[in-house]
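What follows is a short report on a single structure.
Heads up: numbering here begins at 1 and tracks the sequence. Both counts, for ligands and for their atoms, begin at 1 and track the order of listing.
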Amino acid sequence: MTILDGKKTAADIKEELALEVVELKNKGKKVPHLAAIIVGNDGASLTYVNAKVKACERVGFESTLIRLPDDTTEESLLNEINILNVDSDIDGFIVQLPLPKHIDEQKILMAVDPDKDVDGFHPTNVGKMALNLPTFISATPFGILELLYRYNVETSGKHVVVIGRSHIVGSPMSILLSQKRRIGNATVTITHSRTKNLKELTLQADIIIAALGIPEFLKADMVKDDVTVIDVGITRIADSSKKSGFRLVGDVAFNEVSEKASFITPVPGGVGPMTIAMLLKNTLLACERKN
Ligand code: GUN
């Protein structure tokens, strides 16, 4: 069994990005600049956004964090987005999700200039992704592709079962892995809460992408020997023995499933760190395309 070490792979990618920044500087070129907008005080979202900003600093990117109060109106958020859209120093930016209930998420995502949409959430970029055209692939699916690539996991001709159909992970993952691309050419089954015979399907899977958000959902009796398992879940479970008061649990019962798997991602330290590295990669790409 091989652990797909997202923490180490993400560190490798960030090292590569840092070298590219040095090269850009040596050539007198602009350094990539990522901005992030966060609305409200959700603890998990703040942690993620801060990690993104810190990662920028570590690789030598510029970063701007815009914190807006919980009661920010849709109109003023749209205004902030517009400011970033026209600011030529900003190469890419993200609006951290979820947004407060009174704000229409889709309307916000559609206001982001697709050329600065390093999250790849704008319908223009989702459409390009679905057509296998050059675009920004959103960070989590992009990170999973990169992890599979760097560990030489064969996907061509394999049966992939994706559990979950979210716009951020399940849906794009199923599209990407079925495409004719470096990591792709798989036969993909996408499953969700209405799927009737899930275990029957997962038992046939060569590769399982678990992205449903239910802690330790995927058990050993649901997978065949030598399966590859990608765990996208990160649920906070209260744990008084931890300084933070919680621990992170994935969608996979790691201890039992890892005994049957050939490759598996841990939680934490699997997919999570990869998403930040790929967001940075997209920001560099945005900067290169713009300049
Ligand atoms: N919330 C959870 N994942 C993401 C992400 O990839 N991007 C943004 N903007 N918000 C998120």
**Asked** Should the pair E154-K158 be classified as a salt bridge under the 4.0 Å nitrogen-to-oxygen rule?
**Response** no
**Asked** When only distance counts, is V95 in polar contact with ligand 1, meaning an N/O pair under 3.5 Å?
**Response** yes
**Within-cut-off N or O pair, I168 and ligand 1, under 3.5 Å** = no
**Message:** Quick check: closest heavy atoms across F136 and A286, and the distance to 0.1 Å?
**Reply:** CZ-CB, 3.6 Å
**Request:** Consider ligand 1: state whether an atom of it lies below 4.0 angstrom from any non-hydrogen atom of F121.
**Result:** yes
**Request:** Out of T140, D119, I276, indicate the one that has the non-hydrogen atom closest to atom 7 (N) of ligand 1.
**Result:** D119
**Residue from K116, K30, R289 passing side chain to side chain donor-acceptor pair (under 3.5 Å) with D91** = K30
**Prompt:** How far is atom 11 (C) of ligand 1 from its nearest protein heavy atom, and which residue and atom is that?
**Reply:** Q96 NE2, 3.4 Å
**Complete:** In short, L280 meets F61 closest at the heavy-atom pair O-CE2, 3.3 Å
**Request:** Look at atom 10 (N) of ligand 1 and say which protein heavy atom is nearest, naming residue and atom and giving the distance to 0.1 Å.
**Result:** L97 N, 3.0 Å
**Message:** Run D239 and R247 through salt bridge (charged side-chain N to carboxylate O under 4.0 Å, His left out) and show every step you take.
**Reply:** CA-CA 6 Å; D239 185 340; R247 68 194 153 91; 3.2 Å; yes
